[in-house]
Amino acid sequence: ISTRWRINMKEYAHELAEILKYNSFDVVHQNIRGSDDFINPIPDYETVLQRSHLLDCKNRIMVEFFLLGRKVRTVEMLNYFADALNCLEGLHVVKREGIDYVQLDELILISYQSCFFFVSTPYSFPHCISNTLDVYVGPDTYYLANNLYNENHETILDLCTGSGIQLILGCKKACAKHGVGVDINDNACKIARINVSLNAMDEIIDIKSGDLYDPVGSELFDLIYSNPPFIPVPQTVQYPLCGDGGEFGLDVLKTIISGLNSHLTKNGKVLVFGEMLGTDNEWLISKYLCSSDSTLRYKLLILGCTDIITQIDRTSSVATRLNNFDLSMLKKSWEARYRDLSITRYGSFLLYGQNGVIPSYHEVQLYSESTFAAQVVPHLLVDYKSTTIDDTYIISFSNGNTISVDRTVFEFIEFVKTNEYYTIKDIFENMRLNKEGCDCQSLLEQITFFSRKLGRIGIFALKEAQL
């Protein structure tokens, strides 16, 4: 990439960010998505499209063009966002359909924690034509983002950086002086560089193209983050590079773990989000950690699991986009392969590791939302005011944070305000009595998730219950 283009790219990105801020894209984004905005970066296409028609013309165009990646009339963009269109063309992220229509080039724009990110158009969108998802984002992205270390560190490395979202948020949270993002996909690196400039992190963050540790040589880091490809995919099946973790889902993760000793500072830390296969008796990642020669101290948090058939259904539906396979035959061959290996479970995990801890050991900690909910009492730390738009509550807190939530989360916050000794589980039991026919597990997961989220942005203090 030429030096001149990079200089121009920064200028275009900085100007675009100012335009987005001036037009309150972040606020509109939160309001039109509601509480789903905290959990899943991928908008529900039909819901957002329907809600966009309730907005004035300018905001409707902004939502449809940026958030949904729809083509819009060129004359409308020139009328409302001529300067933004000039920036987008300078960044090479827009395409035209003759002179009548203009559209982002296989991208959408999302906002999260007051930052902007270009990411690939999701498969679920009707106009998605790409099979590669070069700039991946998904619920796992937000799960890792919501668990980044909340402490100061000078240097951060983000492997498989994709859009750069973890690195950008991580550097902001850690007040880092230097961050490096690495991805093997050149297009992902291009978009990540744009995202870095969109969020004014040019002086701190470098994006490098290459295979994991190769581009950083012997450089050491205080923190290493990664949300690597972890989908277990048979060798005979093509799958998007951003998700293909090899036959057992561990190919990339093993390489990351093997390089930690030589790339972490003395007391450096690592955090990885992934998914994994398991038998009835053990998880494959746990087995690998126990047999590795790493000197780091690890804690493996098992976040949840499902049966292997459910995972096969999810994975095979994506695989059929790239393969000329009959879906039922693909599922049967996958099931037979796992049956031969005694694989019965599929789960998600967070892997924490720290260097320089003596003695080092591997600890597998089973974790469930219900265990956390029964042990933690949320305390409200700040005042707030709320307004409503349709079924969405917009809450402005006195510490400067503003969130958009549904009625359930608003009622939860109100309950916390007036009941200072209740655990999350206690509050859940009270709330479900007033919600006939509700999905109890979903309700518990929702209020537990928001407890963690509000704790991380200084709205809640989460304290262990006194027995």
Side-chain angles (χ1 to χ4, degrees), residues 113 141 143-161 164-183 196 201 203-208 210-228 230 250 252-274 276 285-286 288-303 349-367 372 452 455-458 461-462 464:
Q113 297 185 19
T141 307
Y143 206 102
L144 181 55
N146 285 322
N147 285 278
L148 299 176
Y149 288 108
N150 193 22
E151 52 197 32
N152 290 352
H153 292 277
E154 291 194 359
T155 56
I156 299 177
L157 173 64
D158 183 30
L159 298 173
C160 310
T161 196
I165 184 171
Q166 314 296 351
L167 182 60
I168 292 167
L169 296 177
C171 283
K172 285 178 175 287
K173 182 171 286 190
C175 299
K177 295 181 179 179
H178 180 55
V180 177
V182 176
D183 204 288
V196 167
M201 300 293 284
E203 302 302 318
I204 296 173
I205 292 177
D206 292 326
I207 301 296
K208 299 185 178 183
D211 189 5
L212 298 176
Y213 298 108
D214 289 350
V216 298
S218 58
E219 192 173 352
L220 301 179
F221 298 88
D222 298 323
L223 287 180
I224 295 179
Y225 290 128
S226 187
N227 180 19
F230 49 65
L250 296 176
V252 181
L253 183 57
K254 284 182 176 180
T255 304
I256 291 172
I257 291 173
S258 66
L260 291 174
N261 285 341
S262 54
H263 289 91
L264 281 173
T265 54
K266 182 179 179 180
N267 295 303
K269 296 181 179 180
V270 62
L271 176 60
V272 177
F273 178 91
M276 58 193 170
I285 177 61
S286 176
Y288 171 74
L289 286 174
C290 291
S291 63
S292 73
D293 58 0
S294 172
T295 59
L296 274 71
R297 174 178 174 178
Y298 292 108
K299 180 181 289 186
L300 182 66
L301 299 182
I302 313 300
L303 303 172
F349 66 87
L350 278 173
L351 177 63
Y352 295 87
Q354 183 169 2
N355 200 12
V357 179
I358 300 175
S360 64
Y361 66 92
H362 307 298
E363 174 187 356
V364 179
Q365 178 177 332
L366 296 178
Y367 165 84
F372 175 83
R452 293 177 178 279
R456 289 186 176 276
I457 60 177
L462 303 179
E464 189 172 352

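Just so it is clear, the model here is predicted, and its values are computed rather than measured.
Glu219 CD: more than 12 foreign heavy atoms inside a 6.0 Å radius.
At least one side-chain heavy atom of Leu253 sits under 4.5 Å from a side-chain heavy atom of Leu250. With contacts defined as side-chain heavy-atom distances shorter than 4.5 Å, the pair Gln113/Lys172 does not qualify. When side chains are defined from C-beta on, Thr161 does not count as touching Gln166, because their heavy atoms never get closer than 4.5 Å. A 4.5 Å side-chain heavy-atom check between Val182 and Leu212 finds every atom pair outside the cut-off. Counting only heavy atoms from C-beta outward, the side chains of Asn355 and Leu260 never approach each other to under 4.5 Å. Counting heavy atoms from C-beta on, the side chains of Leu350 and Leu144 come closer than 4.5 Å.
Pro215 approaches Asp211 most closely through the heavy-atom pair CD-O, 3.9 Å. In this structure, Pro228 and Phe273 approach most closely via the heavy-atom pair CD-O, 3.4 Å. Considering every non-hydrogen atom in both Leu296 and Gly353, the closest pair reads CD2-C, 4.3 Å. In terms of heavy atoms, Ile256 sits closest to Ser226 at CD1-OG, 3.3 Å. Nearest heavy-atom pair across Asn152 and Cys175 is OD1-SG, 3.9 Å.
No option in Tyr149, Tyr225, Phe221 other than Tyr225 meets the side-chain contact (heavy atoms from CB on, under 4.5 Å) test with Ile156.
Checking Asp222 against Thr265 by side-chain atom types alone, a donor-acceptor pair falls below 3.5 Å.
The CG atom of Leu301 lies 8.5 Å from the CG atom of Leu351; values are rounded to the nearest 0.5 Å. Taking CG of Asn261 as the reference point, atom NE2 of His263 lies at 10.5 Å (rounded to 0.5 Å). The line from CD of Gln354 to CZ of Arg297 is 8.0 Å long, rounded to the nearest 0.5 Å. The line from CG of Asp158 to CD1 of Ile207 is 7.5 Å long, rounded to the nearest 0.5 Å. Taken to the nearest 0.5 Å, the NE2 atom of His153 stands 12.0 Å off from the CD1 atom of Ile224. For the atom pair Leu157 CG and His178 NE2, the distance stands at 9.0 Å (nearest 0.5 Å).
Residues satisfying the side chain to side chain contact (heavy atoms under 4.5 Å, CB included) criterion with Ile204, sequence neighbours excluded, are Cys171, Met201.
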